[in-house]
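All chains are named by letter (A, B, ...) in the order of the sequence lines, taking the proteins before the strands, and each is independently numbered beginning at 1. Heavy atoms only: backbone and side chains are in, while hydrogens, waters and symmetry mates are out.
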2 protein chains.
Amino acid sequence: MQDALTRKLESFEELTNEDRGALNALTLKVRQVRARTDLIHEGDAPDTVHLILDGYACRYKVLADGQRQIMAYLVPGDFCDLNVFILDQMDHSIGTITACQAVDIPRQAIEAITADHPRVTRALWWCALVDEAVLREWLVNLGSRPANHRIAHLLCELLLRLEAVGRVTSNSYDFPFTQSDIADTMGLSNVHVNRTIRELRELGLVALKHRTVTILDVERLKAYCGFNPNYLHLRNTRWSNRRSVPWLSSGHGG
Amino acid sequence: MQDALTRKLESFEELTNEDRGALNALTLKVRQVRARTDLIHEGDAPDTVHLILDGYACRYKVLADGQRQIMAYLVPGDFCDLNVFILDQMDHSIGTITACQAVDIPRQAIEAITADHPRVTRALWWCALVDEAVLREWLVNLGSRPANHRIAHLLCELLLRLEAVGRVTSNSYDFPFTQSDIADTMGLSNVHVNRTIRELRELGLVALKHRTVTILDVERLKAYCGFNPNYLHLRNTRWSNRRSVPWLSSGHGG
DNA sequence: CGCCAGCTTGAGAGGGCTCAACCCGTGTGG
DNA sequence: CCACACGGGTTGAGCCCTCTCAAGCTGGCG
């Protein structure tokens with residue numbers, strides 16, 4: 001059941017069998033949540049950490065004018081807000097995109113496992129820091145890239161993140177987001193998202209239909225949007241190139 | 001010297017004299033850094049945590065086309081990347097805006113103080129989580145607000161953050177950012193930033209000159225851009241209203 | 001006194017938005 | 001088996017927010 005979690009943690013840090021055993025023992029109560037439902041709502045007092053076992057969810061806020069902004073996608077294995085219970089109240093909501101299997105892990109369970117399993121602790125830390133790095137890259141996306149690169153970048157990111165948890169086969173993965181979801185993620189109108197996706201399709205970069213996306217030419221798509229995977233801090237995957245930013249290193253060489 | 005830090009932590013969590021003593025004992029080597037200089041650079045391997053004692057700095061990335069995106073402002077007392085040394089390499093740079101007094105606190109010092117001072121640990125946690133919350137709000141800013149509200153929102157945020165560290169007098173604070181800095185922060189052109197600031201000035205909301213900003217009507221500015229301070233998770237300040245989002249609490253049901 | 005970074009303003013262009021219609025697949029009910 | 005509704009995708013047309021290019025201005029400093 002928590003293949004996804006173990007797999008994710010191991011993409012950051014090698015674990016022992018003992019570590020894995022402790023993680024498996026974690027499963028307390030799996031919540032089945034239907035699509036388009038809140039896991040936790042802005043203003044609630046958090047005392048648990050959320051772990052998505054299966055399905056997609058997102059963090060979002062709704063502004064006074066009804067505008068929704070999505071700030072993160074949560075995919076299987078995402079295990080975040082490592083210490084949200086320190087804060088007094090949620091400043092955003094988490095809602096499902098698809099039906100999800102989720103676990104609410106109480107604070108005590110976290111403290112217990114981290115006390116005895118330093119590798120797990122380290123891997124969880126890694127997760128939390130990567131989450132923040134992803135947030136920063138999304139900010140770059142919204143602030144510095146035009147619509148077509150923005151969406152291409154998102155598709156690249158999801159490819160790598162989902163591959164790290166074994167949810168990609170031959171460059172295809174589940175893509176249950178509506179165009180309005182993408183619009184609210186990218187700070188675009190849904191009309192423009194539609195036109196932009198068409199553009200990516202016409203360029204032969206991606207195929208997107210029936211809630212599934214296929215990256216037709218990964219290298220070209222990455223080059224197209226200037227995708228640099230360093231912010232995902234992945235290890236043990238085919239993408240884990242540890243080079244620094246090409247144009248910052250010596251003489252455009254490397 | 002580290003008034004700023006103690007003050008900041010205490011805006012989140014009450015400390016004992018003993019805690020304060022431990023914090024004061026932290027001062028190892030204060031770095032004097034001139035303006036417009038990198039504290040740490042993308043690609044470097046981090047093994048210390050940065051604390052700004054005085055001056056302003058920022059996190060940023062530079063894209064292949066030379067476009068700079070600023071992702072955070074660091075003001076006196078900002079003490080962040082609590083555990084960046086877990087990651088292998090920096091995925092962004094930190095550079096000063098003004099001359100700064102900064103401290104690089106080695107990993108060991110962090111681990112030592114947090115081992116014995118749970119209140120401090122908790123306050124540091126709080127800091128890290130607030131940092132992430134600010135990042136999320138910036139994403140909302142870029143994704144969902146027009147230029148004028150965006151900049152107004154930034155000015156509101158800085159007012160509250162700086163006030164929490166005692167750097168605001170009669171709604172004025174130091175504002176050493178160039179219009180290009182703001183442009184690279186807000187995903188706008190510097191020309192448009194200029195026009196937008198003029199607009200805010202003409203509306204009588206702010207006065208901005210000689211590297212100092214004065215908020216002429218705080219309540220009106222907050223209303224203007226729909227500012228909700230909940231994401232800063234401040235305590236012990238005149239802004240710490242703990243209510244949830246007004247338009248979510250009543251009316252639209254629960 | 002002259003340079004230079006940063007600020008200001010004008011004019012024209014374009015990326016993305018809004019409004020609005022239409023299409024399509026699916027589910028529901030008669 | 002067909003009628004209809006409905007969410008989501010697609011397309012067109014016109015507009016406007018913001019961008020780019022370009023010039024002129026201002027103030028601090030060597």
Exercise for the section: Verify the contact: side-chain N or O of B:N194 to OP1 or OP2 of C:dC7, cut-off strictly under 4.0 Å; return yes or no. Expected result: no
Practice task
Would you please indicate yes or no on a ring centroid separation below 6.0 angstrom for A:Y60 and A:H92?
Solution key: no
Handout entry: Distance, rounded to the nearest Å, where B:R145 contributes CZ and C:dG16 contributes P
Key = 21 Å
Practice task
Examine the side chains of A:Q69 and B:N141 and answer whether a donor and an acceptor come within less than 3.5 Å of each other.
Solution key: no
Practice task
Using whole Å, report how far CG of A:N190 lies from P of D:dT10.
Solution key: 11 Å
Handout entry: Any donor-acceptor N or O pair under 3.5 Å, side chains B:E137, B:N228
Key = no
Handout entry: Options C:dG10, C:dG16, C:dC7, nucleotide nearest the side-chain atoms of B:V191
Key = C:dG10
Handout entry: Under 3.5 Å donor-acceptor, B:T37 side chain and B:R34 backbone
Key = yes
Handout entry: Distance, rounded to the nearest Å, where B:R211 contributes CZ and D:dG28 contributes P
Key = 11 Å
Completion exercise
Rounded to whole Å, CD of A:Q67 lies from C1' of C:dT18 at a distance of 13 Å
Practice task
Ignoring backbone atoms, test whether B:Q179 places a side-chain nitrogen or oxygen under 4.0 Å from the OP1 or OP2 oxygen of C:dA5.
Solution key: no
Practice task
Between D:dT11, D:dC19, C:dG16, spot the one nearest the side chain of A:H192, thanks.
Solution key: C:dG16
Exercise for the section: Write down the distance between NZ (A:K209) and C1' (D:dT10), rounded to a whole number of angstrom. Expected result: 17 Å
Problem - Nearest-neighbour nucleotide for the A:L188 side chain, C:dC17, D:dT20, D:dT18 considered - result: C:dC17
Handout entry: Separation of atom CZ in A:R198 from atom C1' in C:dG16, rounded to whole Å
Key = 14 Å
Handout entry: Interatomic distance, A:F175 CZ vs D:dG9 P [rounded to whole Å]
Key = 10 Å
Exercise for the section: Give a yes or no on whether the ring-centroid distance for B:Y73 and B:W138 is below 6.0 angstrom. Expected result: yes
Problem - Between C:dC7 (C1') and B:D181 (CG): distance, integer Å - result: 13 Å
Practice task
Ignoring hydrogens and angles, answer whether the base of D:dG12 and the side-chain atoms of A:R195 contain a donor-acceptor pair closer than 3.5 Å.
Solution key: yes
Handout entry: Nearest to side-chain heavy atoms of A:T178, which nucleotide of D:dC19, C:dC7, D:dG8
Key = D:dG8
Tell me which donor-acceptor pairs under 3.5 Å the side chains of residues 205-215 of chain B have, and how far apart each pair is, sequence neighbours excluded?
unit_1 : atom_1 : unit_2 : atom_2 : d
B:T212 : OG1    : B:H210 : O      : 3.4
B:T214 : OG1    : B:S172 : OG     : 2.6

Handout entry: Closest-nucleotide 5' rank along DNA chain C - winner of A:R150 and B:R36
Key = B:R36
Practice task
Please confirm whether B:Y56 and B:F175 have ring centers closer than 6.0 angstrom.
Solution key: no
Practice task
Would you mind classifying the nucleic acid contact of B:R201 as base, sugar-phosphate or nothing, using non-hydrogen atoms under 4.0 angstrom?
Solution key: sugar-phosphate
Exercise for the section: Go ahead and write out DNA chain C as dot-bracket, 5' to 3': ( ) for pairs within the strand, [ ] for ones crossing earlier pairs, | when the partner sits on another strand, dots for unpaired; Watson-Crick or G-U wobble, both distances under 3.5 Å. Expected result: ||||||||||||||||||||||||||||||
